[in-house]
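In what follows, a structure is listed as structure tokens, so that the remarks can point back to it.
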Number of protein chains: 2
Amino acid sequence: MTSSHIAKKQDLPPTAWAVLGLLSFPGERTGYELKKWADSSLRFFYWSPAISQIYAELRRLEELGYASSARSGPEELRTKRRYAITAAGREALAAWAADTAEAGPPVLKHGLLLRIWLGHLSEPERLRTLVVEHLEHTRGHTRGELAAVREAMAHAAGVPEWAFPALALRWAERRHLAELELAEALLEDLAEAARRERARPEGAERQAGGDAPTPG
Amino acid sequence: MTSSHIAKKQDLPPTAWAVLGLLSFPGERTGYELKKWADSSLRFFYWSPAISQIYAELRRLEELGYASSARSGPEELRTKRRYAITAAGREALAAWAADTAEAGPPVLKHGLLLRIWLGHLSEPERLRTLVVEHLEHTRGHTRGELAAVREAMAHAAGVPEWAFPALALRWAERRHLAELELAEALLEDLAEAARRERARPEGAERQAGGDAPTPG
DNA sequence: TTGCCCATGTAATTTGTTACATGATTTA
DNA sequence: TAAATCATGTAACAAATTACATGGGCAA
């Protein structure tokens with residue numbers, strides 16, 4: 001590292017900051033533990049990287065001096081390697097967290113909505129099924145996952161360290177409810193559109209109208 | 001069709017399907033047009049690829065026989081190239097759209113929430129500011145963008161082709177409102193947490209409690 | 001005549017995933 | 001003792017972005 005490489009601070013990929021963020025909580029952890037933890041926290045509002053990438057980011061963070069690690073056994077064996085955040089790492093992370101411009105607007109990738117948008121390709125009945133399945137999955141699986149996190153969180157109730165993760169969890173739970181309401185409203189809109197379609201003059205079903213001017 | 005060649009079900013990246021989806025609406029379009037259109041539609045519930053990637057996907061789709069293109073001028077000049085979906089493309093896209101398993105749960109990447117989760121790194125005041133800025137941006141900028149799309153959409157009111165994009169837009173608008181409510185509730189939770197913090201016994205502010213058992 | 005929007009593309013790079021290889025420790 | 005889970009890593013690849021190169025048409 002020569003002077004030409006001087007500290008281009010603060011432009012690490014989101015994953016690096018997320019991993020460093022996990023390390024910013026008290027205690028030392030292995031990459032494996034970090035992955036499991038990310039799966040039950042970050043995943044609900046950010047995202048959980050592959051385990052191989054977590055190891056890669058940990059190596060990078062250590063190179064940057066943002067994290068330090070210690071093996072639990074002799075070097076030759078592939079023993080546990082526990083990571084901890086350094087003072088420099090904590091400082092860099094705090095600077096990043098305070099940067100509002102960096103955050104940008106939230107990004108959503110919703111496969112169901114893309115399919116709705118492309119509704120002209122599917123049977124109306126199939127479309128309805130897609131939404132219903134999404135509703136069921138959200139009401140069942142997703143809800144269960146959040147409940148499990150909520151329960152694990154109860155242990156740490158009142159511990160100031162976990163106040164903010166608790167806040168984020170609450171947000172995720174409310175978001176979960178909003179997602180359900182959104183899907184229910186969509187289902188109604190779909191039904192209404194189907195009603196309107198049936199009421200339309202005969203013989204005019206889904207032909208292409210030549211060149212359309214592509215609205216949103 | 002021997003069993004060794006079973007179905008080889010086209011598994012293309014999401015971007016390819018999204019681009020093909022844009023092409024599935026009547027009319028032929030250039031890559032440039034597709035990009036602008038994606039920015040004002042897909043972006044609100046899926047995502048809008050870089051222009052260079054759109055060109056790359058268009059090439060791939062043409063190779064696969066899912067799209068065809070025609071130049072508007074002589075080959076040597078870099079003239080406009082307009083793309084259209086083929087019958088095979090339409091069929092493949094419809095199959096993909098009907099595949100519920102493929103969709104998976106929606107993915108969210110919310111920078112603000114990551115920062116809230118890491119709230120122990122920031123001054124409470126700064127944290128509040130972050131949420132307020134998000135609220136303002138959502139109420140102003142994001143809202144304006146949706147309104148613009150809504151207006152453009154009004155042109156095509158009643159045209160059956162655009163019924164589903166209109167449905168998706170409605171979903172995006174409702175989601176926008178939910179996002180605002182979520183942020184407002186978060187602001188309240190933040191204020192409440194600050195009140196509780198002030199009420200706590202003195203001398204116990206934000207020290208690390210040794211090893212904590214990492215709840216969610 | 002400068003600058004912006006239209007329009008297409010290449011190259012370099014980064015980011016992230018899946019598949020694979022390896023072995024220790026715990027639990028049924 | 002077989003299995004699942006813990007644990008670390010490499011290799012190959014795919015996905016996606018940014019930066020760059022090029023040039024036409026149009027409007028202030």
Side-chain angles (χ1 to χ4, degrees), chain A residues 5 8 10-20 22 28-40 42-43 46-64 67 69-83 102 104 107 109 111 214, chain B residues 10-20 22-23 28-40 42-43 46-64 67 69-83 102 104 107 109 111 213-214:
Chain A
H5 267 121
K8 259 181 46 171
Q10 204 152 347
D11 86 62
L12 291 170
T15 317
W17 297 113
V19 170
L20 194 56
L22 289 164
E28 302 184 348
R29 290 173 193 85
T30 67
Y32 189 90
E33 286 166 344
L34 255 24
K35 167 61 176 165
K36 279 191 310 172
W37 187 16
D39 281 347
S40 68
L42 302 185
R43 187 164 67 84
Y46 212 64
W47 119 96
S48 191
I51 177 69
S52 64
Q53 204 192 346
I54 287 185
Y55 287 123
E57 295 297 350
L58 284 170
R59 270 191 303 273
R60 162 156 49 181
L61 290 171
E62 188 161 28
E63 250 175 59
L64 287 169
S69 74
R71 293 233 183 226
S72 68
E75 280 288 319
E76 26 282 329
L77 294 178
R78 288 213 298 186
T79 48
K80 278 194 241 198
R81 185 189 279 270
R82 290 183 180 281
Y83 284 84
E102 203 276 351
V107 173
K109 218 170 165 177
T214 60
Chain B
Q10 279 308 343
D11 94 71
L12 291 169
T15 316
W17 297 114
V19 170
L20 194 55
L22 289 164
L23 288 178
E28 303 184 346
R29 287 172 195 85
T30 68
Y32 189 93
E33 286 166 345
L34 255 23
K35 167 59 176 166
K36 279 191 310 173
W37 186 17
D39 282 347
S40 69
L42 301 184
R43 187 164 68 83
Y46 212 67
W47 120 97
S48 191
I51 178 69
S52 64
Q53 204 192 343
I54 287 185
Y55 288 123
E57 296 297 349
L58 285 171
R59 264 185 316 267
R60 162 155 47 180
L61 290 172
E62 188 162 30
E63 251 176 62
L64 287 169
S69 73
R71 293 231 182 228
S72 68
E75 280 288 320
E76 25 283 329
L77 295 177
R78 289 211 298 184
T79 47
K80 277 194 241 197
R81 185 189 281 271
R82 291 182 180 281
Y83 285 84
E102 205 275 351
V107 173
K109 214 167 166 180
T214 60

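Residue numbering restarts at 1 for every chain, and letters A, B, ... go by the order of the sequence lines.
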Below 4.0 angstrom, N of the basic side chain to O of the carboxylate: do R59(B) and E62(B) qualify? no
Can R60(A) and E57(A) be counted as an ion pair, charged N to O under 4.0 angstrom? yes
Rounded to whole Å, please give me the gap between [atom1] in [X] and [atom2] in [N].
X: I54(B); N: dA15(D); atom1: CD1; atom2: P; answer: 16 Å
X: K35(B); N: dG9(C); atom1: NZ; atom2: C1'; answer: 16 Å
X: R81(A); N: dT8(D); atom1: CZ; atom2: P; answer: 9 Å
X: D11(B); N: dT17(C); atom1: CG; atom2: P; answer: 16 Å
X: R59(B); N: dA11(C); atom1: CZ; atom2: P; answer: 10 Å
X: E33(A); N: dC6(D); atom1: CD; atom2: C1'; answer: 9 Å
X: L34(A); N: dG9(D); atom1: CG; atom2: P; answer: 13 Å
X: E57(B); N: dA16(D); atom1: CD; atom2: P; answer: 7 Å

Keeping Q53(A) on the side-chain end and A50(A) on the backbone end, is there a donor-acceptor pair under 3.5 Å? no
Test item: K80(B) side-chain N/O and R29(B) main-chain N/O as donor-acceptor pair under 3.5 Å: no
Sorted by position of nearest nucleotide on DNA chain C, 5' first, the leading residue of R60(A) and K36(B) is K36(B)
From the options [options], select the nucleotide whose nearest atom is closest to the side chain of [X].
X: Y55(B); options: dG16(C), dA16(D), dG9(C); value: dG9(C)
X: Y32(A); options: dG9(C), dC5(C), dT8(D); value: dT8(D)
X: W47(B); options: dA16(D), dA7(D), dT18(D); value: dA16(D)
X: P13(A); options: dA7(D), dT15(C), dA15(D); value: dT15(C)

Examine dG9(D): is either OP1 or OP2 under 4.0 Å from a nitrogen or oxygen in the side chain of R71(A)? Give yes or no. yes
Looking at Q53(A), does any N or O in its side chain come under 4.0 Å of the phosphate oxygens OP1/OP2 on dT15(C)? no
Report yes if a donor N or O on one partner sits less than 3.5 Å from an acceptor N or O on the other, where the partners are the side chain of T79(A) and the base of dT8(D); otherwise report no. no
Has the side chain of S52(B) got a donor or acceptor that lies under 3.5 Å from a partner of the other kind on the base of dT18(D)? yes
By nearest-nucleotide position on DNA chain D, the 5'-leaning member of P14(B) and R82(A) is R82(A)
Rounded to the nearest 0.5 Å, what separation is found between the CD atom of E33(A) and the CG atom of L22(A)? 11.5 Å
